[in-house]
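Okay, so here's the structure we're looking at.
Worth knowing before you read on, the calculation uses all heavy atoms, side chains too, and leaves out hydrogens, waters and symmetry mates.
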Amino acid sequence: MRSLLDSKKKSGVGLDVALGLVPQRQLQPRMFGCVSCFWVLLSACLVAVCSFGFLSPSWIVKPGDEEKQEPVSFGLLWHCSDSLQHMSGCYSFGGLGKFNDIPSSSWQTSAVLCCGGCALLVISCLLAIVTLFLPSGLCGRRLCTLAGYMQTAAVFIMASGLLVYPFGLNSAAVKKYCENSSIYYAGDCQIGWGYMLAIVGVMLSVFLPFFAKYAPKEHISPTPIPTIL
């Protein structure tokens, strides 16, 4: 008698599961979300763009003329001038030099802010990659939130650095090559592609915190869906 009741109970539960009246607790395979993958890909691309822009020696440029033949190029961390051979080596190795050799205190401040913001972007990108391999839950959501906050801070820090940089155009070292230059005015020089690339990278980085908000995957809804086998 007892075995008969147990068999009926098992058949009833099986019928409920087949009809979708009881939530099935089967383990689902780990799948990457579209928003998460796009967020990670965009974060990695913007880290590369901002890093390449900050290391570029072409923030302020002055082409050489026929009389002097002295092209000049100022970057965030160094400047290239004096000879064509020096220019070639500067462009090849990114124009890196000692921090104290940066000709303006405004440019030194800009270098600290931009490099600090870029470092935050790198760390947040690594956190975003880690979240891809974590199961959906509280830990993944916290990491995404932390990465989003870091990306927000990076945008404000790098934007501040880009706004501070033009104050250095008023320094004596810049006026030596770019005559009549002043704050936010390059004089005889021009805005280079490195500075424009950095601006574009920071502007696109504004969207990263919004993707970070929707990147965490939610748990599968326990709401049963009626299915007939």
Side-chain angles (χ1 to χ4, degrees), residues 43 46-65 68-126 149-206 208-209:
S43 299
L46 291 179
V47 166
V49 169
C50 292
S51 300
F52 188 67
F54 294 153
L55 294 176
S56 168
S58 299
W59 282 41
I60 303 295
V61 296
K62 179 183 179 182
D65 51 32
K68 296 182 180 180
Q69 293 292 332
E70 187 181 1
V72 179
S73 178
F74 292 95
L76 178 65
L77 302 177
W78 192 232
H79 71 276
C80 314
S81 60
D82 299 334
S83 66
L84 292 177
Q85 184 178 1
H86 186 196
M87 286 287 292
S88 177
C90 182
Y91 273 92
S92 300
F93 298 101
L96 296 177
K98 296 181 180 179
F99 182 78
N100 293 331
D101 293 333
I102 299 177
S104 171
S105 59
S106 299
W107 286 5
Q108 292 177 351
T109 304
S110 178
V112 172
L113 292 174
C114 290
C115 292
C118 191
L120 287 177
L121 277 186
V122 172
I123 298 174
S124 63
C125 181
L126 294 177
Y149 284 142
M150 294 179 67
Q151 290 171 344
T152 302
V155 169
F156 282 104
I157 292 174
M158 291 187 297
S160 300
L162 294 178
L163 292 175
V164 169
Y165 184 81
F167 284 87
L169 296 175
N170 197 31
S171 63
V174 179
K175 287 185 175 182
K176 176 182 176 182
Y177 300 99
C178 306
E179 298 179 359
N180 301 322
S181 63
S182 60
I183 299 176
Y184 281 92
Y185 179 68
D188 295 340
C189 296
Q190 303 173 357
I191 302 298
W193 61 267
Y195 189 61
M196 299 303 297
L197 183 63
I199 293 176
V200 172
V202 173
M203 291 178 63
L204 292 178
S205 299
V206 174
L208 290 177

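Nearest approach of M158 to C114, heavy atoms of both residues: CG-O, 3.9 Å. Contact detail for I157 and G117: the closest heavy-atom pair is CG2-N, 3.8 Å. Shown here for L120 and A154, the closest heavy-atom pair between the two residues is CB-CB, 3.8 Å.
The backbone N or O of V47 lies less than 3.5 Å from a partner atom in the side chain of S51, making a donor-acceptor pair. In this structure, the side chain of S181 engages the main chain of C178 through a donor-acceptor pair within 3.5 Å.
F74 places none of its side-chain heavy atoms less than 4.5 Å from the side chain of K62. By the 4.5 Å heavy-atom criterion applied to side chains, W59 and W193 are not counted as neighbours. By the 4.5 Å heavy-atom criterion applied to side chains, L208 and L121 are counted as neighbours. Within the 4.5 Å cutoff, no side-chain heavy atoms of S104 are placed close to those of V174.
Taking the disulfide (SG to SG under 2.5 Å) definition, one finds that C115 meets it with nothing, sequence neighbours left out. Under the side chain to side chain donor-acceptor pair (under 3.5 Å) criterion, S43 pairs with Q151, sequence neighbours left out.
Between the CG atom of L204 and the CD1 atom of I199 there is a distance of 12.0 Å, given to the nearest 0.5 Å. Atom-to-atom distance recorded for L76:CG and W107:CH2 is 9.5 Å, nearest 0.5 angstrom. For the atom pair OG of S58 and CG of L197, the computed distance is 10.5 Å after rounding to the nearest 0.5 Å. In this structure, CG in L126 is found 9.0 Å from CE in M150, a value given to the nearest 0.5 Å. Atoms CG and SG, on N180 and C189 in that order, are 10.5 Å from each other to the nearest 0.5 Å. If you take CG on L46 and SG on C118, they are separated by 10.5 Å, rounding to the nearest 0.5 Å.
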Can you give the donor-acceptor pairs under 3.5 Å from side chains of residues 162-172 to other protein atoms, not counting sequence neighbours?
from: Y165; atom 1: OH; to: G75; atom 2: O; distance (Å): 3.2
from: N170; atom 1: OD1; to: K175; atom 2: NZ; distance (Å): 3.2
from: S171; atom 1: OG; to: G168; atom 2: O; distance (Å): 2.8

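By the neighbour-count criterion of 12 heavy atoms within 6.0 Å, atom CZ of F52 is sparsely surrounded, having that number or fewer from other residues, nucleotides or ligands.
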Candidate pair V49 and V200, rule side-chain contact (heavy atoms from CB on, under 4.5 Å), full reasoning: CA-CA 9 Å; V49 169; V200 172; 5.7 Å; no
